[in-house]
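To start, the structure itself, in structure tokens.
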Amino acid sequence: MPKRQTCRTLRYPLLLLTMSVMVGCADGTPSTEGTEQGGPATSEELLLASALVALPPAGITAADLPDSDSPGAQQVVQYCTACHALPSPASHSATDWPSVLRRMWLRIERLDPSFEVPAPNGGERMVMSEYLVENALRVSRANLPSGVGRNLFVARCGRCHELPDPSQHTPDDWAGVVRRMQGHMEPMLGEFMSQADSRQITAYLQTASQ
């Protein structure tokens with residue numbers, strides 16, 4: 001198999017941008033020596049690991065998107081999943097989404113055309129931006145109510161993103177949201193949230209959302 005085709009078999013095409021700019025994917029596939037054999041990580045492995053940390057974790061499907069039949073939702077599915085797992089609009093706040101999207105579009109533009117990653121045109125970019133900003137994470141700012149679990153919620157959930165407004169979800173929905181975030185912590189941060197902490201955060205958010 002040609003070297004370029006071998007590189008293309010990697011799970012996330014956007015990782016190839018990092019490698020092509022900083023390592024040179026066309027010169028060969030990532031080395032299997034190093035961490036897989038117990039030795040120090042190679043530069044290729046470190047680049048791939050760092051890129052994976054920045055990618056959205058798996059966990060939602062197209063049907064889970066708000067207003068999933070809208071053009072914005074459909075374009076998010078079409079273009080974002082060409083490179084990584086489907087992101088939730090609530091993974092970033094309305095103030096963060098524009099810079100996140102600019103970064104993604106820049107990466108797509110710099111990919112080698114042979115990877116055949118689809119790129120949205122100007123009109124589609126506007127539709128996607130409006131959709132993601134409209135359905136973005138609603139942040140709490142300084143308005144979090146007091147209560148048991150508040151400090152734990154701030155300490156744990158503030159590690160990865162701005163603190164969500166408890167009213168963004170119903171009391172019944174918060175249990176599932178916290179479980180999903182709990183599952184993301186280990187691959188993203190290398191940390192595990194105990195069931196006791198999860199229950200306390202869930203109980204706080206359920207009370208605060210009423």
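A side chain to side chain donor-acceptor pair (under 3.5 Å) check over residues 201-210, counting only residues at least two apart or in different chains, returns nothing.
Annotation: side chain to side chain donor-acceptor pair (under 3.5 Å) contacts of Asp165 (sequence neighbours excluded): Ser167. Partners of Pro118 by side-chain contact (heavy atoms from CB on, under 4.5 Å), not counting sequence neighbours, listed by chain and number: Tyr79, Ala82. Residues meeting the side-chain contact (heavy atoms from CB on, under 4.5 Å) test with Thr170, sequence neighbours left out: Asp172, Asp173. Evaluation of the side-chain contact (heavy atoms from CB on, under 4.5 Å) rule for Ala196 yields Ser194, Arg199 as partners, not counting sequence neighbours. The side chain to side chain donor-acceptor pair (under 3.5 Å) search around Gln168 returns none, not counting sequence neighbours. For Arg125, the salt bridge (Lys or Arg N to Asp or Glu O under 4.0 Å) partners are Glu109, not counting sequence neighbours. Scanning for side-chain contact (heavy atoms from CB on, under 4.5 Å) contacts around Ala155 gives an empty result, with sequence neighbours left out. Residues satisfying the salt bridge (Lys or Arg N to Asp or Glu O under 4.0 Å) test with Asp96, not counting sequence neighbours, are none.
Under the 3.5 Å distance criterion, the side-chain polar atoms of Glu134 are left unmatched by any main-chain donor or acceptor of Tyr131. The main-chain N or O of Asn135 is never found under 3.5 Å from a side-chain atom of Trp97 such that the two would form a donor-acceptor pair.
Across every non-hydrogen atom of Ala62 and Val77, the tightest pair is CB-CG2, 3.8 Å. Minimum interatomic distance between Leu144 and Arg150 (heavy atoms only, all atoms of both residues): O-NE, 3.4 Å.
Atoms CG and CG, from Leu106 and Leu101 in turn, are 12.5 Å apart once rounded to the nearest 0.5 Å. Note: Met128 CE to Cys80 SG = 4.0 Å, rounded to the nearest 0.5 Å. Between the CD atom of Gln200 and the CG atom of Leu205 there is a distance of 11.0 Å, given to the nearest 0.5 Å. Expressed to the nearest 0.5 Å, how far CG of Asn121 lies from CE of Met126 amounts to 10.5 Å. The OG atom of Ser198 lies 11.5 Å from the CE atom of Met181; values are rounded to the nearest 0.5 Å. In this structure, Leu163 CG and Ser93 OG are separated by 11.5 Å, a value rounded to the nearest 0.5 Å.
With hydrophobic clusters built from ILVMFWY side chains whose heavy atoms lie under 4.5 angstrom apart, Trp105 shares a cluster with Leu132. Residues Val127 and Met104 do not share a hydrophobic cluster, defined by chaining ILVMFWY side chains whose heavy atoms lie under 4.5 Å apart. Under a hydrophobic-cluster definition in which Ile, Leu, Val, Met, Phe, Trp and Tyr are linked whenever side-chain heavy atoms come within less than 4.5 Å, directly or via other members, Val154 and Trp174 are assigned to the same cluster.
Checking Asp64, Thr61, Val76 one by one against Leu86, the side chain to side chain contact (heavy atoms under 4.5 Å, CB included) holds for a single residue, Val76.
Using a 4.5 Å heavy-atom threshold, the side chains of Pro120 and Gln75 count as separate. Looking at heavy atoms from C-beta onward, Gln182 lies out of side-chain contact with Asp197 at the 4.5 angstrom threshold.
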For residues 65-73, which side-chain N or O atoms pair as donor and acceptor with protein atoms under 3.5 Å away, sequence neighbours left out?
unit_1 : atom_1 : unit_2 : atom_2 : d
Ser70  : OG     : Asp67  : O      : 2.8
Ser70  : OG     : Ala73  : N      : 3.3

